[in-house]
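Written out below as structure tokens is the structure these notes cover.
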Amino acid sequence: MDDRDKSGIDGKNQDLERSREAPDGEFLTTNQGVRVADNQNSLKAGERGPTLMEDFILREKITHFDHERIPERVVHARGSGAHGYFQVYDSMADYTTAGFLQDPSTTTPVFVRFSTVAGSRGSLDTARDVRGFATKFYTQEGVFDLVGNNIPVFFIQDAIKFPDVIHAVKPEPRNEIPQAASAHDTFWDFVWLTPECMHMIMWVMSDRAIPRSYRMMEGFGVHSYRFINAKGKSHLVKFHWKPLLGVHSLVWDEAVKLGGQDADFHRRDLWEAIEAGAYPEWEFGVQLIPEEDQLKYAFDPLDPTKIIPEEVIPVRRIGKLTLNRNPDNFFAETEQVAFHVGNVVPGIDLSNDPLLQGRLFSYLDTQLIRLGGPNFHELPINRSVAPVHNNQRDGFMRHTVNTAPTSYQPNSLGGGCPFQAGTTNGGYHTFGERIDAQKIRERSDSFRDHFSQATLFWNSQSQVEQEHIVKALRFELGKVMTPHVRQHVVDLLTNVDLDLARRVAEGIGAEVSSNGRAAADAMKRLEADWDKFGVTSRPGKVRKQAVERSEALSMAHTIKDTARSRKVAILAANGVDGEQLETVKATLTEAEAVPVLVSPLPTVKTSSGKALQTDKLLMTAGSVNFDAVFVPGGKESAAALQADADALHFVSEAFKHCKALAASGEGTEVLLAANIAPPSTSGKTNGHRATNGHSTTSLASLGSVFVEPKAADLKALGKQFVRAIAQHRDFSREETKQAMRVPA
Ligand code: HDE
């Protein structure tokens, strides 16, 4: 008999209900349910006497407190999670028997945990780092975990190198410095000695490593997995998550400042969006390779340092993930959730990717130390909604009360239960891949091309994206104190792209030969030093990729059609023109953006005397917390803001970060006072002149700065503003930055 849960979308929520506790209207008790009469005073021998050992209430409370902490994850310690559901668009029966991928009417509850990798649990959200994107599908056939990242490749090809790369990136062993940062000697020392890192290095030095939001990141399964259909046919499959808000990033200066302004920036963003009903959504994509075609490409699909370019095999979008509920309790859910790449369901199988193979060991093992024993699958967030019956017994913290008279199989005393399912009753069946090989400790030759996809990534970036990669590398290597480490990373870059290497070298004082043999010279230098340190994973022949550029690799081509959930600061002080403020605010709200009143004052009085509650005091909210800024008119308000250095900095910083700006009426003068102007405007006399000589007409010539000095058509202003916010940033400002009067 099949007693599987059929409760669908709300299944996990109902399941969690069994474990929820709420104190509403209840008395305080001990853990034994005894009511506590006094929670303010311990039991003492007399008024001024010592506390008594006897005080079991005190001892229970303090003992529990002393044991509140569990070991944080060794990687991905800092995270943020949310509940949601998944729905497939069309049956995938041609490729897989996985039940949750058969029927568009099936909704599968999920829990997703996003994370940074290197930092500890209390570190900042906006560090330059890979982001984890781990999804637990509570399917009717058991739990399927897709434990992925926001970058489609990894640093290393073999699991045996994982402790090394993580030790290298973690704070240095002598002084535990720096926290949550790769910009230090040991990381880059590992990189130059591990050339297979180069493709991943390009991604982590790009703005992908500083996402604007968890909601605006792609996700990737990284490894090839397998889909198996009812006939037993196998396809290798790469999994993708494509965010419907597009893929957007911070700029580095912003990321650094957010570390101080709001270390919880990504957590808060996810939490607030879900609370506000702006549910984040991703489409689930697959790239499929028939089993027999594995070796047909210019990369080995088992090599986790390689992508399948989307031009070679398009990503087929097969379903949608929606996150619609915040956890009730961070520890119980986000901290205790335990993912495992070995949690697969029938129809989804593993590949021989040597990194995936090592992970299959690691994830179960790590939960034993982190969650203290083998029963972590019983924790509410981890337990399957499909029923669990087996002969596993006992262990620390066992929750299940097994009532059967037997705990072995085969048995007759327990009626033979639980029965083996076989494949006819939905039992998991492993793909019968034929393996006939000698045991070796070696890397496949098909894994040795370490540069061609790094070059593909570089070539696919926009001019601005390339410049950001150069700056990131200069920053990171600029913090490396050992000259030979810096030089050898540049030597590796020389083999990725000569122009890239030259630009980085220039900024950090490294060398690139100018004799036309730069790459060969760099490789010679590397080979000599690799010999000294016993490096065996040498690069082999560079393979010609099918494409020289791939649009999918650049964020410049992403979705830019919505201002939904974007935070817009409305900067105002007493005397603000309430009508201007409300008109633009209404347009923003209509576009589902989130207007936030920012002011030096806790309450703002409009020119008509209305009192508005400030949402964020200027001193608590830098412009880095917002996607765009609007400064409404009102003589008194504009004058106060022009006289306030923090307000001017707020505006000019948003401009520097290429964000959309708008101003109406006298608000325009605040922009001018903040020195926002294209270079040609200084000294021009047409248009409304501010005291510093810049003009509002010239402001209007800045693509994404919108001004209405006469406050005539504010609806049109609002609409233009919304369109610019949807563009995320106006990077043309960076392209011409050198020439522009941008305050530092
Ligand atoms: Fe992980 N990884 N990893 N990893 N990983 C962990 O498991 C490990 C790798 C990823 O939100 C740990 O429960 C090894 C690739 C995510 O709870 C640990 C190797 C990818 C998360 C572990 C890798 C990931 C983890 C630490 C190389 C992207 C957070 C805590 C063989 C495809 C999951 C834990 C969460 C967490 C081991 C490489 C993603 C130690 C040995 C590649 C998203 O088991």
Side-chain angles (χ1 to χ4, degrees), residues 2 4-6 8-9 11-12 84-112 133-148 152 218-244 281-294 301 307-308 310 312-323 341-351 353 356 384-386 421 423-433 552:
D2 196 344
R4 290 171 173 202
D5 187 320
K6 297 280 188 281
I9 187 169
K12 190 60 195 174
Y85 60 94
F86 173 79
Q87 230 167 339
V88 73
Y89 290 148
D90 294 303
S91 171
M92 290 300 290
D94 286 349
Y95 299 99
T96 175
T97 56
F100 76 108
L101 297 176
Q102 303 300 308
D103 181 353
S105 69
T106 306
T107 44
T108 302
V110 300
F111 184 75
V112 175
F133 190 141
T135 309
K136 195 176 272 299
F137 295 79
Y138 303 94
T139 86
Q140 303 298 329
E141 296 170 308
V143 169
F144 167 50
D145 286 344
L146 181 55
V147 199
E218 288 182 301
F220 303 91
V222 176
H223 316 282
S224 291
Y225 287 81
R226 278 190 169 99
F227 267 170
I228 313 291
N229 69 11
K231 292 186 184 136
K233 162 114 184 106
S234 159
H235 281 81
L236 290 188
V237 55
K238 290 249 189 189
F239 294 117
H240 296 249
W241 292 115
K242 300 275 189 187
L244 294 188
E281 294 172 318
W282 287 262
E283 285 189 308
F284 193 40
V286 291
Q287 286 175 300
L288 294 159
I289 300 183
E291 183 78 20
E292 59 279 11
D293 289 355
Q294 287 192 44
I307 56 159
I308 307 177
E310 293 193 22
V312 176
I313 301 180
V315 174
R316 175 166 167 191
R317 298 179 183 225
I318 66 165
K320 197 167 82 176
L321 163 73
T322 307
L323 297 181
V341 280
N343 289 347
V344 284
V345 288
I348 300 181
D349 205 337
L350 309 159
S351 76
D353 174 340
L356 176 61
S384 157
V385 295
T423 47
T424 44
N425 283 307
Y428 188 88
H429 176 67
T430 295
F431 175 66
E433 183 186 9

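One is the number of the first residue; the rest follow in order along the sequence.
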Using side-chain hydrogen bond (donor to acceptor under 3.5 Å, both in side chains) as the criterion, list what pairs up with K242, not counting sequence neighbours. E218, E310
Verify, without hydrogens or angle tests, whether S224 (side chain) and S351 (backbone) share a donor-acceptor contact under 3.5 angstrom. no
According to the side-chain hydrogen bond (donor to acceptor under 3.5 Å, both in side chains) rule, which pairs have a member within residues 87-97, sequence neighbours left out? Y89-E283
Which pair of non-hydrogen atoms, one from G11 and one from P109, has the smallest distance, and what is that distance? N-CG, 4.2 Å
For T135 versus F137, what's the shortest heavy-atom pair and its separation? CG2-CE1, 3.6 Å
Interatomic distance, D349 atom CG to F431 atom CZ [nearest 0.5 angstrom]: 8.0 Å
If you measure from CG on L146 to NE2 on H223, what distance do you get to the nearest 0.5 Å? 9.5 Å
I'd like to check the side-chain hydrogen bond (donor to acceptor under 3.5 Å, both in side chains) partners of H235; sequence neighbours left out, ordered by chain and number. none
Is the number of heavy atoms from other residues, nucleotides or ligands under 6.0 Å of K233 NZ greater than 12? yes
If I compare all heavy atoms of G142 with all of A386, which pair ends up nearest, and what's the gap? N-CB, 3.7 Å
To the nearest 0.5 Å, what is the distance between CD on E291 and CD1 on I228? 7.0 Å
Where does the angle between the aromatic ring planes of F227 and F239 fall among parallel (under 30°), tilted (30 to 60°) and perpendicular (over 60°)? perpendicular
Are the aromatic rings of W241 and F220 close, with centres under 6.0 Å apart? no
Quick one: does any side-chain atom of Q102 pair with a main-chain N or O of A98 as donor and acceptor, under 3.5 Å? yes
So CD1 of I289 and CD1 of I313: to nearest 0.5 Å the spacing works out to 4.0 Å
Under a 3.5 Å threshold, yes or no: a donor from one side chain and an acceptor from the other, between S105 and D103? yes
Distance (rounded to the nearest 0.5 Å) between L244 CG and L321 CG: 9.5 Å
Would a distance-only check, ignoring hydrogens and angles, find a side-chain to backbone donor-acceptor pair under 3.5 Å from D145 to V147? no
Is the side chain of R226 donor-acceptor paired with the backbone N or O of L236 at a distance under 3.5 Å, no angle test? no
Run the side chain to side chain contact (heavy atoms under 4.5 Å, CB included) test on K12 and K136 for me, step by step, so that the C-alpha distance in whole Å, both residues' side-chain angles and the decisive distance to 0.1 Å come before the verdict. CA-CA 11 Å; K12 190 60 195 174; K136 195 176 272 299; over 6 Å; no
From CA spacing to verdict: side chain to side chain contact (heavy atoms under 4.5 Å, CB included), Y225, L350: CA-CA 5 Å; Y225 287 81; L350 309 159; 4.0 Å; yes
All heavy atoms of I308 vs all of Q287, minimum pair found to be O-NE2, 2.9 Å
Report the distance from atom CZ of F100 to atom OG1 of T106, rounding to the nearest 0.5 Å. 10.5 Å
